[in-house]
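As structure tokens, the structure follows; a few thoughts come after it.
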Amino acid sequence: MNNYFSKEMKRYNHLCSEIDGAYHEMSVKLGLSDSAMRILYTICDAGDSCLLQEICLRSGISKQTINSAIRKLEAEGILYLEAAGAKNKNVRFTEKGKALAKQTAVRMIEAENEIFADWPREDVEQYLALTERYLQAIQKKAKEM
């Protein structure tokens with residue numbers, strides 16, 4: 001088979017995979033599945049609650065996987081769902097969920113913040129600008145397909 005990847009895309013894909021692996025390792029060390037961590041992380045990012053459809057959108061995980069993980073977290077008393085209009089639900093932490101989030105997702109967020117705090121401000125801005133530029137370009141390509 002032909003080699004379709006440029007040297008840069010191979011490196012980029014490798015880096016993305018390694019970053020995903022590091023996040024997986026953190027999730028495992030903190031006692032959560034990747035999907036449970038992403039749900040807790042997304043709710044923390046939004047505050048103490050988040051729309052279910054927003055969790056699906058922000059996490060990049062399928063709706064089916066998110067729903068399964070939410071049912072499990074709900075059964076464990078970590079979060080609960082409440083109606084948010086006719087077609088959507090709000091996902092909220094219970095007190096137990098807030099405590100778990102502090103021990104897990106918040107620790108991950110603090111680690112991320114520490115990394116950016118250690119970088120020169122210009123590097124953070126450049127990294128974010130280039131990442132956003134790549135995102136916009138790949139979204140445009142996706143629409144063209």
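Heads up: numbering here begins at 1 and tracks the sequence. No hydrogens, no waters, no symmetry mates; every other heavy atom, side chains included, goes into these values.
The backbone N or O of E76 lies less than 3.5 Å from a partner atom in the side chain of K96, making a donor-acceptor pair. A distance-only check finds a donor-acceptor pair linking the side chain of R38 to the backbone of S59 [under 3.5 Å]. S35 contributes no side-chain N or O that, together with a main-chain N or O of A69, makes up a donor-acceptor pair within less than 3.5 Å. Using a distance-only test at 3.5 Å, with no hydrogens or angles considered, a donor-acceptor pair links the side chain of N67 to the main chain of K63.
Between E122 and Q126 there is no side-chain heavy-atom pair separated by less than 4.5 Å.
Under a 4.5 Å side-chain heavy-atom criterion applied to ILVMFWY residues, the cluster that includes I78 comprises I19, Y23, M26, L30, L32, M37, I39, L40, Y41, I43, L52, I55, I61, I66, I70, L73, L79, L81, V91, F93, L100, M108, I109 as well. Alongside W119, the hydrophobic cluster contains I115, F116, V124, Y127, L128 (criterion: ILVMFWY side chains under 4.5 Å).
In this model, no donor atom of one side chain and acceptor atom of the other lie less than 3.5 Å apart for S68 and T65.
The shortest heavy-atom contact between A36 and S33 is N-OG, 3.1 Å. Here the shortest heavy-atom pairing between M9 and Y134 reads CE-OH, 3.9 Å.
Rounding to the nearest 0.5 angstrom, the gap separating the CG atom in D20 from the CD atom in E25 is 13.0 Å. Here C50 contributes atom SG and R58 contributes atom CZ; the two are 5.0 Å apart, rounded to the nearest 0.5 Å. The line from CD of E112 to CZ of R107 is 13.5 Å long, rounded to the nearest 0.5 Å. Separation of atoms CD (Q53) and CG (N90) is listed at 10.5 Å; rounding is to 0.5 Å.
Within 6.0 Å of atom CD in E82, more than 12 heavy atoms from other residues, nucleotides or ligands are found, so the atom counts as buried in its surroundings. Residue E132 qualifies as open at atom CD: its count of foreign heavy atoms under 6.0 Å is 12 or below.
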Given the rule in the side chain to side chain contact (heavy atoms under 4.5 Å, CB included) test, do K98 and D48 qualify, once you have shown the distances and angles that lead to the verdict?
CA-CA 8 Å; K98 288 178 186 177; D48 283 340; 3.6 Å; yes
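Under the side-chain hydrogen bond (donor to acceptor under 3.5 Å, both in side chains) criterion, no residue pair touches residues 9-19, with sequence neighbours excluded.
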